[in-house]
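The structure appears below as structure tokens.
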Amino acid sequence: MREFLSILLRKSGHEVETTGEGSEALRRVAGEEFDLVVTDLRLGDVTGIEVLEATKRYHPQTEVILVTAFATTENAIQAMKAGAYDYLTKPFKVDEVSLVVQNALERRALVRENTELKAKLATAGGGRDRLAELVGHSPAMQPIYSFIEKVAPTRSTILITGESGTGKELVARAIHARSSRAGAPFVAINCGAIPEGLIESELFGHVKGAFTGAHQDKQGIFEAGSGGTLFLDEIGDLALAMQVKLLRVLQEHKIKRVGDAREIEVDVRLVAATNRELSEDVEAGTFREDIYYRLNVLHVEVPPLRERREDIPVLAELFLARHTGADRKLTLSRPLLARLLDYRFPGNVRELENLMERAATLADGDEVTPDTLPAQVLQAAGRALGAVDKLPEEGMDLQAHLDAIELRLLQEALERCGGKKKAAAALLGLTFRSFRYRLKKLTGED
């Protein structure tokens with residue numbers, strides 16, 4: 001039967017691989033993505049249902065057709081619940097097989113086209129540097145975009161590190177949006193925001209009566225996100241006991257609800273994030289080494305905003321527009337932009353958005369001026385503008401200091417020359433081209 005189907009499908013123009021061993025089928029579907037899997041229900045060492053479940057776990061978009069001479073309603077229902085495209089009973093006609101295969105492959109093609117279309121829509125209007133709201137043209141961000149492009153099609157677990165407010169969740173959402181799971185849920189949870197006594201229930205769910213207050217069964221986020229992507233933010237805050245349980249889920253793809261002995265299979269792609277140095281936590285004994293290496297299959301670090309200052313003007317304009325009413329248009333004044341570029345942004349991109357929300361609320365006219373910024377920002381930026389003849393005890397960001405001084409002089413020359421760039425360039429002893437290059441590098445303006 002296997003040889004017959006192989007000849008039939010090859011004559012129809014398909015590339016076909018075959019095996020007579022269920023265990024070999026499991027190995028192949030785990031390592032390679034097929035458009036279609038046709039499997040007998042009874043294989044000897046494993047069942048066709050196990051092949052079906054493994055295929056859907058590793059490659060949810062692969063279609064599966066089950067074939068059997070022992071047709072029962074129970075088997076058919078089990079197969080369809082597990083995600084089978086169709087269920088054929090032997091003996092069958094050649095035309096019947098050809099039609100079912102053709103329809104299955106057509107659905108597979110439609111799903112693929114839909115996923116690709118969603119990915120294109122997600123990046124429309126700005127290219128890959130605007131993946132899922134990621135914004136910026138700075139050199140520091142280019143490796144992030146390349147990383148997203150490379151890892152999105154894979155199933156590997158990903159670890160995203162970076163300071164608070166740098167946009168780690170946006171990177172995770174961009175990976176999800178460009179993956180084959182884009183049409184499935186993206187579920188995010190902050191591990192540090194949930195009390196230790198409740199985190200297991202949040203992750204895995206619970207059954208009625210499992211603990212005081214458990215008045216009904218509850219689905220955890222691993223079940224809610226099955227088929228999609230699960231984002232665990234601040235993974236370093238998980239207690240050691242929960243780390244052990246999470247490791248088991250990563251290894252076996254099964255969970256147990258709190259208070260339940262039954263295991264439930266789950267299919268999620270895990271993306272974890274932290275602002276901690278997990279390698280140091282491993283050495284300190286507060287984070288398990290085995291789960292650290294399990295999470296750290298693919299790793300990317302999101303740069304802080306102070307290392308991508310070229311992106312501050314475009315981010316500020318984006319956030320200003322987001323928090324301004326549709327009937328009003330605000331612009332950033334040059335003095336305000338200079339202050340922003342001088343500031344170190346300990347809260348990173350999140351802090352910048354908060355500042356722009358405040359500025360949009362407090363601005364009187366059509367131009368946002370420095371007086372809309374909090375005092376601590378103005379004071380910190382002012383210190384950055386001052387001359388330094390001695391290295392401070394706490395150290396300093398030399399490049400940021402030099403950039404701030406350069407920008408202040410460029411802006412002052414422009415103001416003195418009434419905004420005329422050629423005159424401002426001459427005042428600073430620069431060529432017009434050099435002046436424009438420096439101004440664009442620091443502000444994004446031509």
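Arg288 places no side-chain N or O within donor-acceptor distance of the main-chain N or O of Gln243, the cut-off being under 3.5 Å. Judged by distance alone, with hydrogens and angles left aside, the side-chain atoms of Glu63 form no donor-acceptor pair with the main-chain N or O of Val37 at under 3.5 Å. A donor-acceptor contact shorter than 3.5 Å links the side chain of Thr55 to the backbone of Val51. Looking at Arg257, its side chain never comes within 3.5 Å of a backbone N or O of Ala210 through a donor-acceptor pair. A donor-acceptor pair under 3.5 Å is formed between the side chain of Arg328 and the backbone N or O of Ala360. Judged purely by atom type and a 3.5 angstrom limit, Thr154 has no side-chain atom pairing as donor or acceptor with the backbone of Lys150. Checking side-chain atoms of Thr286 against main-chain N and O of Asp281 turns up a donor-acceptor pair under 3.5 Å. In this structure, the side chain of Thr274 does not engage the main chain of Ile235 through any donor-acceptor pair within 3.5 Å. Between the Ser179 side chain and the Ala152 main chain, no donor and acceptor come within less than 3.5 Å of each other. At least one donor-acceptor pair under 3.5 Å links the side chain of Asn348 to the backbone N or O of Ser164.
A salt bridge links Glu163 to Arg306: one of the charged nitrogens lies within less than 4.0 Å of a carboxylate oxygen. Under 4.0 Å is where a charged nitrogen must lie from a carboxylate oxygen, and between Arg155 and Asp267 at least one such pair does. Salt-bridge check for Glu310 with Lys440: failed, with every basic side-chain N at 4.0 Å or more from each acidic carboxylate O. Classification of Lys218 and Glu202 as a salt-bridged pair holds, one side-chain N sitting under 4.0 Å from a carboxylate O. Using a 4.0 Å cut-off between charged nitrogen and carboxylate oxygen, Asp237 and Arg276 count as a salt-bridge pair. With salt bridges taken as basic N to acidic carboxylate O contacts below 4.0 Å, one links Arg27 and Glu24. With respect to the salt-bridge test (charged N to carboxylate O, under 4.0 angstrom), the residues Asp233 and Lys168 do not qualify. Taking a cutoff of 4.0 Å between a charged side-chain nitrogen and a carboxylate oxygen, Arg248 and Glu263 qualify as a salt bridge. Note on Arg108 versus Glu33: salt bridge recorded, some NZ/NE/NH1/NH2 to OD/OE distance being below 4.0 Å.
Counting only heavy atoms from C-beta outward, the side chains of Met141 and Val135 never approach each other to under 4.5 Å. A heavy-atom distance below 4.5 Å is not found between the side chains of Glu265 and Ile255. By the 4.5 Å heavy-atom criterion applied to side chains, His59 and Ser180 are not counted as neighbours.
The number of heavy atoms from other shown groups lying within 6.0 Å of CD (Glu196) does not exceed 12. The local environment of CZ in Arg416 is sparse, with at most 12 non-hydrogen atoms from other residues, nucleotides or ligands closer than 6.0 Å.
Side-chain contact, Glu415 with Gln411: no donor N or O sits under 3.5 Å from an acceptor N or O.
In this structure, the separation between CG on Leu320 and CG on Leu330 is 5.0 Å, given to the nearest 0.5 Å. How far CG of Leu203 is from CG of Leu232: 6.5 Å, rounded to the nearest 0.5 Å. Summarising the geometry, atom CZ belonging to Arg438 is positioned 9.0 Å from atom CG belonging to Leu428; distances are rounded to the nearest 0.5 Å. One distance of note links CD of Glu351 with CZ of Arg344; it measures 11.5 Å at 0.5 Å rounding.
Between Phe222 and Phe204, the two ring planes are tilted [angle within 30° to 60°].
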